[in-house]
Amino acid sequence: MSSAPQSPANSSAQQPRTRADLANLPAYVAGRTVPGAVKLASNETPQGPLPSVARAIADAATEVNRYPDMVSTALTERISRELDVPSERITVGCGSVALCQQLVQAMCAPGEEVVYAWRSFEAYPIATQIANAAAAPVPLDDGHTHDLDAMLAAITPATRLVFVCNPNNPTGTVVRREALTRFLDAVPSNVLVVLDEAYREFVTDDDVPDGVELARTYPNVLVLRTFSKAYGLAGLRVGYGIGPADVITALRKVYVPFSTNALAQRAAIASLDAADELMERCRGIIAERTRVVAALRDAGFEVPETQANFLWLPLRERTQEFTEHALEHKVVVRGYAPDGVRVTIGEPAENDLFLAAARAFDK
């Protein structure tokens, strides 16, 4: 009878070892879903996909035994026609957040720098650390907006990438044309400026520039957009980038193969085909945004101007208190302690429930 296998003598001393720096890596925190409560913690649109888009998804579902087109050829060509941009300057990814990570991987060697505003999109520091790049966060100004002068001053010879989130997540604030073009004129030509425009479809201020137009003028500008917000495809994960052809080629080299699935590609094309109908939905969200912001200001809250599908309450040390108060009133909002609370604009009835909760908060 054979004896049981013996464990290696050093098994207790030698274990698989992960990267030590990951112990300090901040986790990406998704908006909470609480049964029985209204969810205004994630920047989703309240409506599902349009009927024509749902049909495209259903049709694509019959072919999921096949691998998706790894380079999203049909979607890339559709975006090319939509925006009049050559296809070699377009890349598609598994949401714009995946493209953020690809950008750091493609642009930065270990130790090279990424400049971004803070507080801004929480994926920026995570993507930076994962790629072994160095983070250079720059505080927002007193108006909760990107301080472009301070960001320019933070650029060093080691800087390879600058993220400008416009409108900014989570504050909803924007940088306007004159300030942004002045910044772009001053950024060294070997530094890539990424204009993250995930909320572009909700912008109503004509003085907020279109990043795609800027990318035609500045050879070191790349624009990110997504189908997760205005197009209502958050669950399918598809976004795209428009930028210099050599950068687009590099992004494709660090792309996880087949990560943009076939349903997402087909749904994105159908959504572009239904853009007029989708923009009508956006106008409804914009109208609700105006109503909710006005009501909150009337109730005594500080609310910065927002051009996104959410608003920002800079509650500072009372952030957690307000978040818990809202939950007690069956509303889930997103707290970013110790800075403030982000609230997504939902359906009118959902917004009314939130406003009732906010008015009941002891300011």
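Side chains included, hydrogens not; waters and symmetry mates left out as well; all remaining heavy atoms used.
Heavy atoms only, all atoms of each residue included: Glu347 and Gln47 are closest at OE2-CG, 4.0 Å. Minimum heavy-atom separation, Ala154 to Thr159: O-OG1, 4.1 Å. A pairwise comparison of heavy atoms in Cys94 and Ser259 identifies SG-O, 3.5 Å as the closest pair.
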Could you give me the CA-CA distance, side-chain angles and deciding distance for Asp339 and Arg316, then say whether salt bridge (charged side-chain N to carboxylate O under 4.0 Å, His left out) is met? CA-CA 4 Å; Asp339 298 317; Arg316 303 173 182 88; over 6 Å; no
Would Phe310 and Tyr199 count as a ring-ring contact (aromatic ring centres under 6.0 Å, His included) if you check the C-alpha gap in whole Å, the side-chain angles of each, and the deciding distance to 0.1 Å? CA-CA 10 Å; Phe310 55 86; Tyr199 304 95; 5.0 Å; yes
If you apply the rule side-chain contact (heavy atoms from CB on, under 4.5 Å), what do you find for Ile90 with Ile248, and how did you get there? CA-CA 7 Å; Ile90 302 169; Ile248 296 300; 6.0 Å; no
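Hydrophobic cluster of Trp312: the remaining members, joined at side-chain heavy-atom separations below 4.5 Å, are Tyr336, listed by chain and number. Membership of the apolar cluster around Tyr67 extends to Met70, Tyr255, Phe258, as traced through chained side-chain contacts below 4.5 Å between ILVMFWY residues.
With contacts defined as side-chain heavy-atom distances shorter than 4.5 Å, the pair Asn261/Val238 does not qualify.
A search for salt bridge (charged side-chain N to carboxylate O under 4.0 Å, His left out) contacts involving Arg55 returns nothing, not counting sequence neighbours. Residues that satisfy the salt bridge (charged side-chain N to carboxylate O under 4.0 Å, His left out) test with Arg291, not counting sequence neighbours, are Glu288, Asp352. Partners of Arg225 according to the salt bridge (charged side-chain N to carboxylate O under 4.0 Å, His left out) rule, which considers only residues two or more places apart in sequence or in another chain, are Glu197, Asp210. Checked against side-chain hydrogen bond (donor to acceptor under 3.5 Å, both in side chains), Asp207 has the following partners two or more places apart in sequence or in another chain: Arg177.
Salt-bridge formation is not detected for the pair Arg252/Glu88: no Lys NZ or Arg NE/NH1/NH2 atom is positioned less than 4.0 Å from an Asp or Glu carboxylate oxygen. Using a 4.0 Å cut-off between a side-chain N of Lys or Arg and a carboxylate O of Asp or Glu, Glu63 and Arg66 do not qualify as a salt bridge.
No hydrogens or angles considered: a donor-acceptor pair under 3.5 Å links the side chains of Thr344 and Asn43. Looking only at atom types and distance, the side chain of Glu302 has a donor-acceptor partner in the side chain of His144 under 3.5 Å away. Donor-acceptor pairing under 3.5 Å is recorded for the side chains of Glu113 and Thr156. With 3.5 Å as the limit, one finds a donor-acceptor pair spanning the side chains of Asn169 and Arg342. For the 3.5 Å distance criterion, the side chains of Ser228 and Arg237 qualify, holding a donor opposite an acceptor. Side-chain atoms of Asp196 and Tyr124 form a donor-acceptor pair, as typed in the model, at a separation below 3.5 Å. For Thr173 and Asn168, the side-chain atoms include no donor-acceptor pair closer than 3.5 Å.
Heavy-atom neighbours of Asp185 CG from other residues, nucleotides or ligands within 6.0 Å: above the threshold of 12. Taking a 6.0 Å sphere around CG of Asp206, one finds it holds 12 or fewer heavy atoms contributed by other residues, nucleotides or ligands. Counting heavy atoms of neighbouring residues, nucleotides and ligands inside a 6.0 Å radius, atom CG of Asp142 does not exceed 12 of them.
Leu192 and Leu152 sit in two unconnected hydrophobic clusters of ILVMFWY residues. Membership requires side-chain heavy atoms under 4.5 Å apart, directly or through other members. In the hydrophobic clustering of ILVMFWY residues, with side-chain heavy atoms under 4.5 Å counting as a link, Ile130 and Val104 come out together.
Aromatic ring centres of Tyr116 and Phe121: separated by at least 6.0 Å.
Side-chain atoms of Thr306 come within 3.5 Å of backbone atoms of Ala308 as a donor-acceptor pair (strictly under, hydrogens ignored).
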